[in-house]
Structures are given as C-alpha cells and as structure tokens.
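The figures here come from the full heavy-atom set of this structure, side chains too, leaving out hydrogens, waters and symmetry mates.
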Amino acid sequence: MLQNARVLRPEFVPQELQHRDHEHTALTEALNPLTRGERADPVIITGPTGVGKTHLTKFTLERLQETELGLETALVNCWQNYSGYRALFRILENLGRTLDVHRQSTPQDELIERLRDYDGTCVIVLDEVDQLEDKGIIYDLRRMPQFTIVLITNREEDLFGSIDDRLQSRLHGTRTIHFEPYGLSELTAILRSRADAAFSHPDPISTKLLEEIADAAAGDARVAITVLREAAKNADRAGREQITSADIADAIPEGRQAVRDQNLEALKPTQRTLYKIIEEYVSEHGKPMQPSHLYAEYEERADDPVGNRQVRRHLNKLDHYELVTIKGSSRDRRYGLTSHDEH
DNA sequence: CTTCCACAGGAATAACAGGCAC
DNA sequence: GTGCCTGTTATTCCTGTGGAAG
C-alpha cells in the first residue's frame with residue numbers, strides 16, 4: 001500500500017506549500033531588499049508547533065535562491081544547538097567556512113571574527129530561537145551588515161522575555177509574521193495531497209477518514225501526518241489494503257507518542273531519566289512530584305548519579321523545553337508534567 | 001512571633017574531551 | 001607523546017526563601 005513512504009516522514013518538505021500564501025508573500029516581501037543586493041531587516045516568525053514555520057522559511061529561501069544566485073543561507077536549530085558557541089559554529093558550517101578542521105579549541109570570539117570577515121550575503125535563520133541560551137549572539141550578528149536575520153519561535157514573549165534591552169531595542173519594530181494553526185479543511189487538504197503522493201492506487205483512505213485525523217491533530221500538521229503514517233502501518237501489518245477508522249483510533253495516541261519521542265531523543269541521558277521518573281510518578285499519583293522523592297528515585301535509578309545541584313540544572317532545562325513544569329520557589333517546589341492538552 | 005530546614009540557584013572551581021602546537 | 005587552548009558538564013560551597021513546627 002505504501003508506495004512512497006518518504007512523503008510521510010517529518011523532515012519531508014513538499015514542493016508546494018498549501019494554505020500559507022499570505023505568510024509566503026509576507027516573508028518574501030520582507031526579504032525583498034535582498035533582490036536589490038541590500039540587507040533586509042530582521043524578521044520574527046511566530047506560531048505554535050506544526051504550522052509550517054520552518055517549512056515555509058526553507059521553502060521561501062529556496063525560491064529566493066533561485067533568482068539570487070549569490071545568496072547563501074544558514075538554518076540553525078537552537079533546540080539542538082542551544083549554546084551560543086554551537087549556534088555560531090553551525091552557521092559557519094553552513095557557510096562552508098568551517099574552521100580548518102572539525103570542532104573546538106577555537107574561542108567563541110574567534111567564531112564571531114570569522115563571521116565578521118565573511119564577505120558574501122547570507123540569511124541566517126535561528127529556528128526555535130527561544131531555546132538559545134546566549135541571546136547576545138543575535139546582537140552580534142545584527143551588527144554585521146552581511147547578514148539578514150530570521151528568528152523563529154513559538155511565542156514572541158518567550159523571545160523578548162529573555163533578551164536584554166539593547167537587543168530588544170534593536171529588534172523592536174521588526175516585522176513579525178504570525179502563523180495561525182491550520183483549520184480543519186486546510187489540514188484535511190494537506191493530508192489528502194500527502195496521501196495521494198504516498199499511497200498506491202486504489203486509494204486506501206477516504207477523505208472523511210482524513211478529516212478524523214485532522215480533527216484529532218488540532219491544527220498541528222506534524223501530528224496529523226504522523227498519525228496518518230501510523231494508521232497506514234497498522235493497516236499494513238494487518239494485511240489490509242484499506243485504512244479503517246479503527247486504525248486511525250489506534251494511531252492517534254501512537255502518533256502523539258511518536259511526536260513526543262522525537263523531542264525526548266534530543267535529551268541527555270540524565271534528563272531523560274528525570275523526565276521518565278516524573279512521568280511515571282505523575283501518571284501513577286496524579287499529582288506533581290516532591291523534590292526529595294525525585295532526588296531519591298533518581299539516585300536509585302541512575303547507574304552513575306549526578307549531584308543534586310546538577311539535577312536541578314537539568315530540571316530547569318526540562319522546564320525550558322516545556323516538558324516539565326516547575327511550581328513553587330522553595331519548600332513548596334513541585335515538579336510536574338506539561339499538559340499536552342488532550343483535546 | 002521565632003526557629004528550623006528542605007529547597008533553590010549563584011559563583012568559583014575542577015574534571016573532562018577534543019584540537020592544536022611542539 | 002606533553003602541554004595548552006577551548007567549551008561543556010559536574011562538584012563544592014554558599015546565601016536566600018518560604019512553609020511549617022514550636
């Protein structure tokens with residue numbers, strides 16, 4: 001049944017982006033000075049997960065590069081590259097200006113120097129920029145005229161809440177492009193075209209069933225496509241040529257889980273252990289966890305446990321990733337799970 | 001009200017890993 | 001190889017906070 005499974009994978013970027021014409025136009029317009037060889041003002045892109053922020057940015061830049069031959073781009077995911085150093089390193093890597101060899105032993109200042117010496121024209125995209133620890137590098141990049149900056153974040157407050165005033169004033173008044181979640185019919189249409197590309201004929205899924213998926217995904221295309229993929233696998237395993245409503249019902253939790261697992265993959269072992277402990281505790285007791293219990297449980301489970309100061313640092317990190325919630329500032333501290341609203 | 005103490009998080013510092021020069 | 005950079009992770013020591021018990 002699956003003829004082209006590639007198009008259902010999360011990293012797949014379709015040739016045409018649907019239902020984002022307005023945003024595409026806005027971004028293209030904002031970047032328009034580049035077609036005159038000038039640097040464009042920074043752009044901030046906001047909106048919840050799975051609404052096509054990253055895809056649209058990639059797509060728009062690729063189109064732009066078709067006409068602007070000298071234009072280079074560097075897209076950095078700050079989730080994976082959260083230190084200023086790593087982000088800068090990735091940018092240089094994208095530009096092919098990687099230090100003579102791979103990695104380290106070069107101070108951050110020198111990475112900045114190398115970027116300053118760069119003499120082309122480049123659009124730097126900082127994806128998930130709220131995860132970037134050292135926001136100061138945005139300021140440094142902003143001062144280099146070769147670079148046009150695009151910042152992608154879920155909520156603008158998350159970004160402005162953690163940057164200092166001089167950067168804030170530098171970014172103030174920049175254009176913001178906001179993405180709304182997909183509507184039911186939009187998401188259904190997206191699923192339709194992905195399904196058409198992915199499956200062999202005869203078509204194994206009706207549009208009505210796609211609508212069920214779209215409804216369950218609540219505007220998040222990544223969840224929707226993952227659910228579709230899992231449902232197809234379910235049907236395939238059962239040796240059927242048609243996807244049924246039951247396949248979809250089974251695939252909804254699986255799909256959500258798969259999306260969440262993708263996030264957990266990026267965690268360090270200590271962080272994953274801590275997350276699992278909290279997850280188990282909360283699902284068993286239905287209430288957030290007390291620090292002493294958490295520390296004790298962690299020390300029991302980890303084969304080489306880390307000190308509790310460091311545990312606290314990791315917990316803050318998990319909070320920053322919005323996987324864990326922290327309440328209370330002292331003895332009232334409790335660690336809970338971020339509710340991924342079940343809709 | 002005061003005292004206690006579990007807990008947070010800042011600062012300094014060390015241990016480690018990779019790259020580079022010798 | 002040895003030493004010397006670097007960023008990163010962890011430890012140690014410390015002060016401050018706020019709920020709870022006396």
For A:Tyr335 and B:dA8, is the shortest distance between a side-chain N/O and OP1 or OP2 below 4.0 Å? yes
A:Ser329 side chain N/O closer than 4.0 Å to the phosphate oxygens (OP1, OP2) of B:dC7? no
With sugar-phosphate meaning primed atoms plus P, OP1 and OP2, does A:Arg331 contact a base, only sugar-phosphate, or nothing at under 4.0 Å between heavy atoms? base
Closest of C:dG7, B:dG9, B:dA6 to the A:Ser330 side chain is B:dA6
CG of A:Leu88 versus C1' of C:dG7: gap in Å, rounded? 13 Å
Do the side chain of A:Arg313 and the base of C:dT11 come within less than 3.5 angstrom through a donor-acceptor pair of N or O atoms? yes
Would you kindly give the OH-to-P distance between A:Tyr85 and C:dG7, to the nearest whole Å? 7 Å
Roughly, in whole Å, what's the span from CG in A:Asn308 to C1' in B:dC7? 9 Å
For residues A:Tyr182 and A:His19, establish whether the separation of their ring centroids is below 6.0 Å. no
From the set B:dC7, B:dG9, C:dT8, return the single nucleotide nearest to any side-chain atom of A:Arg86. C:dT8
I want to check one thing: is the phosphate of C:dA10, taken as OP1 and OP2, less than 4.0 Å away from some side-chain N or O of A:His314? yes
Whether over 12 other heavy atoms sit under 6.0 Å from A:His178 NE2: yes
Kindly compute the distance separating CD (A:Glu38) from OG1 (A:Thr121), expressed to the nearest 0.5 Å. 11.0 Å
Do A:Lys276 and A:Tyr281 form a cation-pi contact, if we require the NZ or CZ to be under 6.0 Å from the six-membered ring centre and within 45 degrees of the ring's axis? no
Within the pair A:Ser83 and C:dT8, is there a side-chain N or O less than 4.0 Å away from OP1 or OP2? yes
I need the CG-P distance between A:Asn81 and C:dG7, as an integer number of Å. 16 Å
Please tell me which of the listed nucleotides, B:dC7, C:dC13, C:dG7, lies nearest to the side chain of A:Gln108? C:dG7
Are A:Asp203 and A:Arg192 close enough for a salt bridge, meaning some N to O gap below 4.0 Å? yes
Taking atom C1' of C:dG7 as reference, at what distance in whole Å does atom CG of A:Asp134 sit? 13 Å
What's the CZ-P distance between A:Phe89 and B:dG18, to the nearest Å? 14 Å
Using whole Å, report how far CZ of A:Arg333 lies from P of B:dA6. 16 Å
To the nearest angstrom, the OH-C1' distance between A:Tyr82 and C:dG7 comes to 11 Å
